[in-house]
Amino acid sequence: MAEKKQKPKYNMWQSAAFMVRLAIREREKKVPVLCVLTALLAVACNLTGLYVAPVILGSVEALLRHNEYLFSCDFNYTSLATPVTTLL
């Protein structure tokens with residue numbers, strides 16, 4: 001028989017709110033500040049990844065276009081695929 005998953009008593013938001021209220025009540029001012037700082041840094045990191053990767057790929061494509069594709073795509077694919085398949 002498959003066991004039923006036990007539903008948690010509190011959801012994530014209730015738990016987070018409890019911890020923040022507890023930190024404020026105990027006069028731990030660093031905790032809410034660090035929570036906000038962590039959230040802002042996570043958003044900044046994700047946005048950087050979203051915007052920087054296309055710029056890098058675009059510059060690599062432009063470089064390849066200017067060098068007139070020194071090697072054919074088939075050669076590059078087989079040269080990259082062979083070591084990967086040997087590792088598997």
Side-chain angles (χ1 to χ4, degrees):
M1 279 188 196
E3 293 182 26
K4 291 184 180 180
K5 285 188 176 179
Q6 205 174 25
K7 192 172 181 178
K9 191 173 181 179
Y10 302 105
N11 64 24
M12 183 189 71
W13 296 109
Q14 289 171 328
S15 298
F18 171 76
M19 295 301 290
V20 170
R21 271 187 269 131
L22 183 64
I24 292 171
R25 187 178 65 206
E26 296 295 325
R27 302 191 191 277
E28 289 291 335
K29 301 293 184 190
K30 291 182 276 185
V31 173
V33 172
L34 290 176
C35 289
V36 170
L37 183 63
T38 302
L40 290 175
L41 288 175
V43 168
C45 183
N46 286 331
L47 288 176
T48 302
L50 285 172
Y51 292 121
V52 170
V55 171
I56 292 172
L57 289 175
S59 64
V60 168
E61 287 174 352
L63 179 65
L64 289 178
R65 248 184 269 125
H66 290 354
N67 288 336
E68 297 178 357
Y69 299 106
L70 297 175
F71 299 105
S72 69
C73 293
D74 292 333
F75 175 74
N76 287 333
Y77 174 74
T78 56
S79 65
L80 292 174
T82 304
V84 171
T85 55
T86 56
L87 292 174
L88 298 176

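Note that these values count all heavy atoms, side chains included, but never hydrogens, waters or copies made by symmetry.
- Linking Ile, Leu, Val, Met, Phe, Trp and Tyr residues whenever their side-chain heavy atoms come within less than 4.5 Å leaves Val36 and Ile24 in two separate clusters.
- Within the model, atoms SG of Cys35 and CG of Leu40 stand 11.0 Å from one another, a figure rounded to the nearest 0.5 Å.
- When all heavy atoms of Gly49 and Pro54 are compared, the pair lying nearest together is O-CD, 4.4 Å.
- Taking every heavy atom of both residues into account, Thr48 and Ala44 meet most closely at OG1-O, 2.7 Å.
- The side-chain heavy atoms of Lys29 and Val33, taken from C-beta on, include no pair separated by under 4.5 Å.
- One hydrophobic cluster, built from ILVMFWY side chains closer than 4.5 Å, holds both Leu50 and Val43.
- Closest approach of Gln14 and Lys9 over heavy atoms only: OE1-O, 4.3 Å.
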